[in-house]
Structure formats: C-alpha cells, structure tokens
Amino acid sequence: MPMLSCLPPLRRRPEALAPKVGPLGLSPKKVGDDIAKATGDWKGLKVTCKLTILNRQAKIDEPHRDRKEVKNVKHNGYITFDALLKIARIMRPRSMAHKLEGTVLEILDF
C-alpha cells in the first residue's frame with residue numbers, strides 16, 4: 001500500500017505517480033484524478049493519503065482531520081516535573097546527552 005503525500009486539490013502529475021502505481025497495473029492519470037477528488041476538502045494543506053489497491057482498483061483513504069474540535073486552547077507555559085521527565089524518557093534515544101539529566105536540560109534549552 002503506497003503512502004502518497006500531496007497538496008490537494010491539485011491533481012498529482014501522472015509522471016510523478018507512474019513509478020509508484022505503474023508496476024501495480026494502474027493508470028497514473030486516473031489515480032491522480034481520484035486523489036484530487038478525494039482530497040478536495042483540504043485545499044492548500046499537505047495531506048498524506050493511503051492508496052489501497054484491490055482487484056486493480058485504487059481506493060484513496062485520507063486520514064480523518066477535525067480541526068474545529070479542539071480550538072482556542074489556552075496554555076500558561078508551566079509544565080510539571082513529572083511531565084518533563086516523561087517527555088525526557090521518550091526523547092532519550094534521540095538525545096545526544098549521556099544521561100537523562102542532560103536530556104532534561106536539552107528540553108529546557110539550557
């Protein structure tokens with residue numbers, strides 16, 4: 001299942017889709033038209049689409065995105081020490097620090 005990243009509702013250029021869908025026996029022009037039709041709601045936003053192929057038919061699945069559900073969230077800028085440690089443990093493998101203490105300092109930007 002190829003994952004495609006595109007800017008809707010513009011139709012993807014067939015020559016850009018050909019290496020991905022050509023070996024699967026699909027027409028790049030038709031797949032591009034299907035992507036444009038399925039992602040018309042997200043004009044100007046980059047959306048990653050999931051392309052499912054069944055019996056040489058392409059089905060476009062775009063992720064559900066409800067941007068109106070969570071709006072106007074107020075943040076005061078404070079974070080608890082427990083939340084900071086939880087974030088540091090998640091970021092630990094990606095950190096360049098030798099100890100967890102260094103990872104915490106990287107997060108705090110010291």
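The analysis underlying the following values was restricted to heavy atoms, covering all of them including side chains, and did not include hydrogens, waters or symmetry mates.
- Membership of an apolar cluster is not assigned to Ile90, as no side-chain contact below 4.5 Å to another ILVMFWY residue is traced.
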N/O donor to acceptor pairs below 3.5 angstrom from side-chain atoms of residues 76-85, sequence neighbours left out:
residue : atom : partner : partner atom : Å
Asn76   : OD1  : Tyr78   : N            : 3.1
Thr80   : OG1  : Ala83   : N            : 3.2

Can I get a per-line list of side-chain donor-acceptor pairs under 3.5 Å for residues 94-110, giving both atom names and the distance, sequence neighbours left out?
residue : atom : partner : partner atom : Å
Ser95   : OG   : Ala97   : N            : 3.0
Ser95   : OG   : Thr103  : OG1          : 3.3
Ser95   : OG   : Glu106  : OE1          : 2.9
Ser95   : OG   : Glu106  : OE2          : 3.4
Thr103  : OG1  : Lys99   : O            : 3.4

